[in-house]
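Here is the structure we will look at.
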Amino acid sequence: MTDQPAIELNNGVRIPQLGFGTFQVDSDETQRIVETALEAGYRHIDTAAGYYNEDGVGAALKASGLARDDVFLTTKLRNGDQGHDSALAAFEASRKALDVDVVDLYLIHWPTPTRWLAPETWRAFEKLLADGAVRAIGVSNFLPHHLGRLLETAGVTPAVNQFEIHPTHQQPAVQDASRAAGIAVEAYAPIGKGEDLSEEAVEAIAQAHDVSPAQVVIRWHLQQGRIVIPKSATPERIRSNIDVFGFELTTGQLDALTGLERANRLFPNPDEFEASQFRD
Ligand SMILES: NC(=O)C1=CN([C@@H]2O[C@H](COP(=O)(O)OP(=O)(O)OC[C@H]3O[C@@H](n4cnc5c(N)ncnc54)[C@H](OP(=O)(O)O)[C@@H]3O)[C@@H](O)[C@H]2O)C=CC1
Ligand SMILES: O=C(O)C(=O)[C@@H](O)[C@H](O)C(=O)CO
């Protein structure tokens with residue numbers, strides 16, 4: 001493992017704080033960009049059954065020649081596979097596609113509150129954890145009331161909540177509720193799908209440090225203790241997005257970025273997103 005910051009999860013497992021996202025990339029391209037990412041030094045890859053590219057991630061891992069223990073792999077359960085037995089079957093399919101024995105972090109992708117199958121899904125996740133098939137279990141897109149509802153019946157507290165956080169949409173109440181429950185906060189769409197990079201404050205801070213706007217925003221997440229998983233399919237950006245350990249933002253610069261909040265949601269509201277994520 002390269003010398004990068006890690007966060008200790010609530011069960012003692014350590015996750016590299018900076019990871020690499022793979023949403024909206026097909027399998028072949030995923031293999032190429034994950035190979036580039038691993039060469040650049042990323043040791044944490046984020047995928048999902050619903051991205052239909054887990055096999056590309058697995059192929060890149062094999063091709064890299066890195067030891068399995070040196071790379072932290074996260075995948076997620078598709079909404080349509082929630083339920084106890086269906087989650088266990090879907091996990092086996094993900095494990096096969098990734099071509100690994102153990103997944104480091106397995107997430108319930110969305111709460112799907114109308115169907116609300118989280119309690120029985122979570123029992124399956126707890127079994128996978130007890131069996132050693134996964135090292136940590138968590139959730140994604142859970143708002144405070146979804147966390148509260150899950151915790152009423154959960155035996156194991158989720159290790160991670162992965163949700164949308166970038167300068168123009170930070171969801172402070174979700175961050176606070178997650179942390180208060182001992183759940184690590186992981187930022188997805190961390191640079192606002194690229195859209196937050198043209199904010200004047202971001203550009204000014206980038207100029208001051210002679211770095212890119214993306215490096216500034218990634219650094220803002222890291223200095224605030226969040227796990228962060230930027231995606232890029234562009235080799236130069238893949239490399240520069242991890243080159244963020246040679247400068248530090250001042251408190252004033254952190255505050256200026258936090259001041260960009262304007263509830264600018266780019267992904268669905270978790271209270272409304274019930275899509276199965278099946279392809280057909
Ligand atoms: N749990 C969930 O529901 C969700 C999880 N995720 C996860 O989070 C990851 C990251 O989120 P994502 O939605 O991909 O968005 P990001 O915020 O990571 O932004 C990705 C976009 O920014 C561009 N970009 C990347 N680096 C730079 C740079 N240095 N300069 C300029 N533009 C740049 C990319 O372009 P290009 O690729 O062309 O370089 C791409 O268009 C996902 O890939 C996925 O793994 C995301 C959404 C939902
Ligand atoms: O990227 C993800 O992980 C997602 O779950 C979402 O992008 C979701 O699948 C979607 O497509 C929202 O429109």
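Indexing begins at 1, ligand by ligand and atom by atom, following the structure's order.
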Worksheet entry | F273, Y188, F267: member with heavy atom nearest to atom 8 (C) of ligand 2 | F273

Discussion item. Distance check, rounded to the nearest 0.5 Å: F125 atom CZ versus I108 atom CD1?
Written reply: 5.0 Å

Practice prompt. For atom 9 (O) of ligand 2, find the nearest protein heavy atom and state the residue, atom name and distance (0.1 Å precision).
Written response: Q277 NE2, 3.2 Å

Worksheet entry | Close residues, ligand 1: non-hydrogen atom nearer than 4.0 Å | G21, T22, F23, D46, Y51, K76, H109, W110, S140, N141, Q162, Y188, A189, P190, I191, G192, K193, G194, L197, A214, I229, P230, K231, S232, A233, T234, R237, N241, F267

Practice prompt. Would you sort out whether E199 and R262 count as a salt bridge (charged side-chain N to carboxylate O under 4.0 Å, His left out), showing the intermediate values?
Written response: CA-CA 12 Å; E199 293 289 324; R262 56 169 185 268; 2.9 Å; yes

Worksheet item: Who's the nearest protein heavy-atom neighbour of atom 4 (C) of ligand 2, and how far?
Response: H109 NE2, 3.5 Å

Worksheet item: Which protein heavy atom lies closest to atom 11 (O) of ligand 2, and at what distance to 0.1 Å?
Response: F23 CZ, 4.1 Å

Worksheet item: Do any pairs count as a side-chain hydrogen bond (donor to acceptor under 3.5 Å, both in side chains) and have a residue in residues 231-245, sequence neighbours left out, and if so which ones?
Response: none

Practice prompt. Could you name the option among S140, A275, P268 that has the heavy atom nearest to atom 13 (O) of ligand 2?
Written response: P268

Worksheet item: Out of F23, F163, F267, which residue meets the ring-ring contact (aromatic ring centres under 6.0 Å, His included) rule with Y188?
Response: F267

Worksheet item: Which of these passes side chain to side chain donor-acceptor pair (under 3.5 Å) with T47: D55, N53, T75, T30?
Response: N53

Worksheet item: Polar-atom distance check: W110 versus ligand 2, any N or O pair below 3.5 Å?
Response: yes

Response to the item:
Of all heavy-atom pairs linking R14 and A6, the shortest is NH2-CB, 3.6 Å

Fill in: With H221, the side chain to side chain donor-acceptor pair (under 3.5 Å) member among Q17, R226, H166
R226

Practice prompt. For Y51, counting its heavy atoms only, list the atoms of ligand 2 lying under 4.0 Å from any of them.
Written response: 1 (O), 2 (C), 3 (O)

Fill in: Passing candidate, salt bridge (charged side-chain N to carboxylate O under 4.0 Å, His left out) with R68, options D99, D101, D104
D104

Practice prompt. Would you kindly say whether Q253 and H209 are connected by a side-chain donor-acceptor distance under 3.5 Å?
Written response: yes

